[in-house]
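First comes the structure, then the notes that go with it.
Owing to the predicted nature of the structure, the values given are computational and were not obtained by experimental measurement. In this chain, residues are counted from 1 in sequence order.
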Amino acid sequence: MPPSAPAEDFHWPTVRPPLKWAGGKRWLVPHLRGLWQPYTRRRLVEPFCGGLAVALGLDPRRARLNDANPHLINFYRHLQRGLVTRIRMDNDSELYYRHRDAFNRSIATRRGRGSRKVAELFYFLNRTGFNGLCRFNQSGEFNVPFGRYAKIPYLRDFGPYATPLSRWTFTDGDFESMAVSPGDFIYADPPYDVQFRDYASGGFGWEDQERLAQWLARHPGPVVASNQATDRIIDLYRGLGFDLEFLDGPRFISRTGDRTPEKEVLATRNIDR
C-alpha cells in the first residue's frame with residue numbers, strides 16, 4: 001500500500017467543506033490519500049458524500065457524489081451555480097425556529113424541495129443547529145434544536161465552490177440505484193452502526209449495512225469503506241473478504257462530554273499494495 005501522507009504534509013484545496021457535519025471525515029483524508037493516489041485518473045464514487053470532506057480533500061477530476069438526503073444534494077447543486085444567500089442569518093433562537101418551520105413547509109411540496117430558498121435555509125439550519133446534526137423525524141421534518149453557539153461565521157457568497165464542484169455529478173437516492181462503472185474507485189462512509197439512524201427519512205438499519213457491504217463486495221474496482229468497529233461490522237466485512245485496518249477516530253458527539261477516541265475500521269478490497 002502506498003504510504004499515507006503525513007498530516008503536516010497535507011494541504012487542503014482552496015475551499016474547505018461548506019457545512020458543519022457530524023461524523024465528517026476530514027480527519028481521515030490524509031490517510032485516504034495514500035489509498036487514492038494510484039487511482040487518481042479514475043472516477044471517485046461516494047454513495048454517502050455527506051459534508052464533502054473526502055471529495056474536496058482528494059480533489060478528483062471526476063466524481064459521482066450521492067447521498068440519501070435530497071436537501072443536502074439540493075444545496076450542493078446550488079453551490080455549483082454560485083449560490084449567494086439572501087435570507088437573514090443571525091445566531092438567534094427565535095429566528096432559527098422560524099427558519100426551521102419555513103424549511104419544513106417548503107420541503108413538504110415537490111416544487112419547494114429543489115428551490116434556492118430551501119438550499120439557503122438548509123445552510124442556515126446546519127450552521128446554527130445543535131452540533132451540525134442533520135436529523136429528520138418520521139414525518140420527514142427537520143427537528144434539530146437550536147445550537148447555542150457563542151458566534152457563527154456565516155458565509156454568504158459560495159462562488160468559490162462553483163468551479164471545483166462543476167466537475168462532479170451529484171445525485172440523491174439509495175446507493176444501489178447509482179450507475180457505477182467497473183473501474184470506479186468507491187469510498188463508502190455510511191451512517192455508522194449503533195449511532196443515531198434518523199439522518200434521512202427511513203433511517204439506515206442493520207439490513208442496510210449488510211446490503212451495502214454485499215454491494216461493495218460485488219464491485220470489481222477499488223473499494224474503501226469506513227465504519228465504527230463494532231463486532232458485527234468487523235465480522236460482516238471480514239466474512240466478505242475485505243482487508244481490515246483499525247484506526248482511532250475522534251468522538252464528535254457525546255452526551256456525557258466523553259472525548260475518548262472511537263475505534264473505527266477501514267475495510268478495503270481490490271486496492272494495489
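By the 4.5 Å heavy-atom criterion applied to side chains, C134 and L72 are not counted as neighbours. Side-chain contact between L56 and P18 is present, with at least one heavy-atom pair separated by less than 4.5 Å. The shortest side-chain heavy-atom distance between T268 and E245 does not fall under the 4.5 Å cut-off.
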Next on the checklist: Assess the residue pair H71 and F136 against the criterion (ring-ring contact (aromatic ring centres under 6.0 Å, His included)); give the C-alpha distance rounded to whole Å, side-chain angles, the decisive distance to 0.1 Å, and a yes or no.
Outcome noted: CA-CA 11 Å; H71 315 302; F136 294 83; 5.5 Å; yes

Next on the checklist: For W215 and D174: C-alpha separation, side-chain torsions, deciding distance, then whether side-chain contact (heavy atoms from CB on, under 4.5 Å) applies.
Outcome noted: CA-CA 12 Å; W215 180 75; D174 186 78; over 6 Å; no

Item to check | F142/L125 under side-chain contact (heavy atoms from CB on, under 4.5 Å): CA gap, chis, key distance, verdict | outcome: CA-CA 9 Å; F142 187 86; L125 295 175; 3.9 Å; yes

Item to check | ring-ring contact (aromatic ring centres under 6.0 Å, His included) between Y161 and F75, intermediate numbers included | outcome: CA-CA 12 Å; Y161 288 89; F75 174 69; 8.2 Å; no

Next on the checklist: With side-chain contact (heavy atoms from CB on, under 4.5 Å) as the criterion, how do F124 and L95 come out once you've worked through the C-alpha distance, each side chain's angles and the decisive distance to 0.1 Å?
Outcome noted: CA-CA 10 Å; F124 171 79; L95 178 66; 4.1 Å; yes

Checklist entry - Please walk me through it: do Y97 and D92 pass side-chain contact (heavy atoms from CB on, under 4.5 Å)? => result CA-CA 9 Å; Y97 288 111; D92 174 79; over 6 Å; no

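Using a cutoff of 4.0 Å between basic side-chain nitrogens and carboxylate oxygens, R232 and D235 are not scored as salt-bridged. Taking the charged nitrogens against the carboxylate oxygens, E207 and R211 have no contact shorter than 4.0 Å, which rules out a salt bridge. A salt bridge links D172 to R77: one of the charged nitrogens lies within less than 4.0 Å of a carboxylate oxygen. Using a cut-off of 4.0 Å between Lys/Arg side-chain N and Asp/Glu carboxylate O, R167 and D59 are scored as salt-bridged. Checked for salt-bridge contact, D243 and R269 miss the test: no charged N lies under 4.0 Å from a carboxylate O.
The two residues P190 and F204 have their closest heavy-atom pair at CB-CE2, 3.9 Å. Counting all heavy atoms, side chain and backbone alike, Y237 lies closest to L216 at OH-CD1, 4.0 Å. In plain terms, the two heavy atoms of P60 and W168 that are nearest each other are O-NE1, 3.0 Å. Shown here for V29 and G57, the closest heavy-atom pair between the two residues is CG1-CA, 3.8 Å. A pairwise comparison of heavy atoms in D248 and W27 identifies O-CZ3, 3.8 Å as the closest pair. Residues F175 and D208 share a closest heavy-atom pair of CZ-O, 4.2 Å.
More than 12 heavy atoms of other residues, nucleotides or ligands lie within 6.0 Å of CZ in R156, so this atom counts as buried by the packing criterion.
Y192 and T230 are not linked by any side-chain donor-acceptor pair at a separation below 3.5 angstrom, with hydrogens and angles left out of the test.
Take N270 and apply the side chain to side chain donor-acceptor pair (under 3.5 Å) test, not counting sequence neighbours, and it matches no residue.
None of L65, I73, N66, D67 except one satisfies the side-chain contact (heavy atoms from CB on, under 4.5 Å) rule with T171; the exception is N66.
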